[in-house]
Amino acid sequence: MTDVTLESAHTAAMSIPVAKLNHAVLYVRDATKAADFYGRVFGFEVVESAFGGRAVFMRAGGGENHHDLGLFSVGEDAPRPQRGSVGLYHLAWEVPTIDDLAAAARTLSDERALSGASDHGVSKSLYGADPDGNEFEIMWRVPREAWGEFENKGAVMPLDLDAELKRWGAAGAARA
């Protein structure tokens, strides 16, 4: 296996100037049921329900995209995604503040959808899955000037959300 360097991963001859991820589309057993989950948990609103509810397009609250999430029904008997198989691992949704991340932890716990949490140095992350087993990450990005030693390396450490709230949250922001 070859290590990929920044130089080899980004070549001028084949560079596509991606600015951000605009939307994601998922196959789910029932798009209407999945839309209910994403509406309750993420506050996404339905932009359009098409093909008798077999396709649902949703927008994040205050979002500027036509849709941030598309859901396509494949049937109730469809198998769940197999962990470790080739394909999408997870989607990462960014929240504006660490306080929002703490609120997300409570929401995901209430929904029994929270499966983990990690401190990546450059971000603080929660992990969960929708009712069809599609994994997602809810993350808060640490201010760039505080990335320090994590600027050019990946890290997976335990997340102490209470400590991060004291450091970065509304109550601690004045002291940061």
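- Sorted by first and then second residue, the side-chain hydrogen bond (donor to acceptor under 3.5 Å, both in side chains) pairs with a member in residues 46-59 form an empty list; sequence neighbours excluded.
- Cluster membership for Y27 and V25, using ILVMFWY side-chain heavy atoms within less than 4.5 angstrom, is shared.
- Hydrophobic cluster membership is shared by L88 and M58, with clusters built from Ile, Leu, Val, Met, Phe, Trp and Tyr side chains linked at under 4.5 angstrom.
- Shortest non-hydrogen contact noted between P158 and D119 is O-CB, 3.5 Å.
- A chain of hydrophobic side-chain contacts below 4.5 Å, direct or via other Ile, Leu, Val, Met, Phe, Trp or Tyr residues, connects L159 to W168.
- In this structure, the side-chain hydrogen bond (donor to acceptor under 3.5 Å, both in side chains) partners of R29, at least two apart in sequence or on a different chain, are D132.
- The environment of E76 atom CD is dense: over 12 non-hydrogen atoms of other residues, nucleotides or ligands sit within 6.0 angstrom.
- Ion pairing of R40 with D36 is present here, as a side-chain N (NZ or NE/NH1/NH2) and a carboxylate O approach within less than 4.0 Å.
- Relative ring orientation between H67 and H23 is described as tilted, the plane-to-plane angle lying within the 30° to 60° band.
- Here the shortest heavy-atom pairing between L161 and I98 reads CD1-CD1, 4.1 Å.
- Judged by distance alone, with hydrogens and angles left aside, the side-chain atoms of D100 form no donor-acceptor pair with the main-chain N or O of V95 at under 3.5 Å.
- Applying the ring-ring contact (aromatic ring centres under 6.0 Å, His included) definition to pairs two or more places apart or across chains, those involving residues 94-133 are H90-Y127.
- Across every non-hydrogen atom of L101 and L126, the tightest pair is O-CD1, 3.3 Å.
- E151 pairs by the side-chain hydrogen bond (donor to acceptor under 3.5 Å, both in side chains) definition with R144, not counting sequence neighbours.
- The nearest pair of heavy atoms linking V142 to W147 is O-NE1, 2.9 Å.
- Taking hydrophobic clusters as Ile, Leu, Val, Met, Phe, Trp and Tyr residues chained together by side-chain heavy-atom distances below 4.5 Å, L69 does not share a cluster with M139.
- Hydrophobic clustering places V46 together with F42 (ILVMFWY residues linked when any side-chain heavy atoms are closer than 4.5 Å, directly or through intermediates).
- For E135, the side-chain hydrogen bond (donor to acceptor under 3.5 Å, both in side chains) partners at least two apart in sequence or on another chain are R83.
- Counting heavy atoms from C-beta on, the side chains of Y38 and L26 come closer than 4.5 Å.
- Remark: the backbone N or O of P96 is paired with a side-chain donor or acceptor of W140 at under 3.5 angstrom.
- Within the model, atoms CG of L71 and CZ of F57 stand 9.0 Å from one another, a figure rounded to the nearest 0.5 Å.
- Nearest heavy-atom pair across S118 and V156 is OG-CG1, 3.8 Å.
- Proximity of the aromatic rings of F136 and Y89 is defined here by a centroid distance below 6.0 angstrom, and this criterion is not met.
- D160 CG to K166 NZ: the interatomic distance, rounded to the nearest 0.5 Å, is 8.0 Å.
- In this structure, the separation between CG on L91 and CG on D68 is 11.5 Å, given to the nearest 0.5 Å.
- Put simply, CZ on F44 and CZ on F37 are 10.5 Å apart, with the number rounded to the nearest 0.5 Å.
- In plain terms, the two heavy atoms of A31 and S73 that are nearest each other are N-OG, 2.8 Å.
- Considering only residues two or more places apart in sequence or on other chains, S125 meets the side-chain hydrogen bond (donor to acceptor under 3.5 Å, both in side chains) condition with E137.
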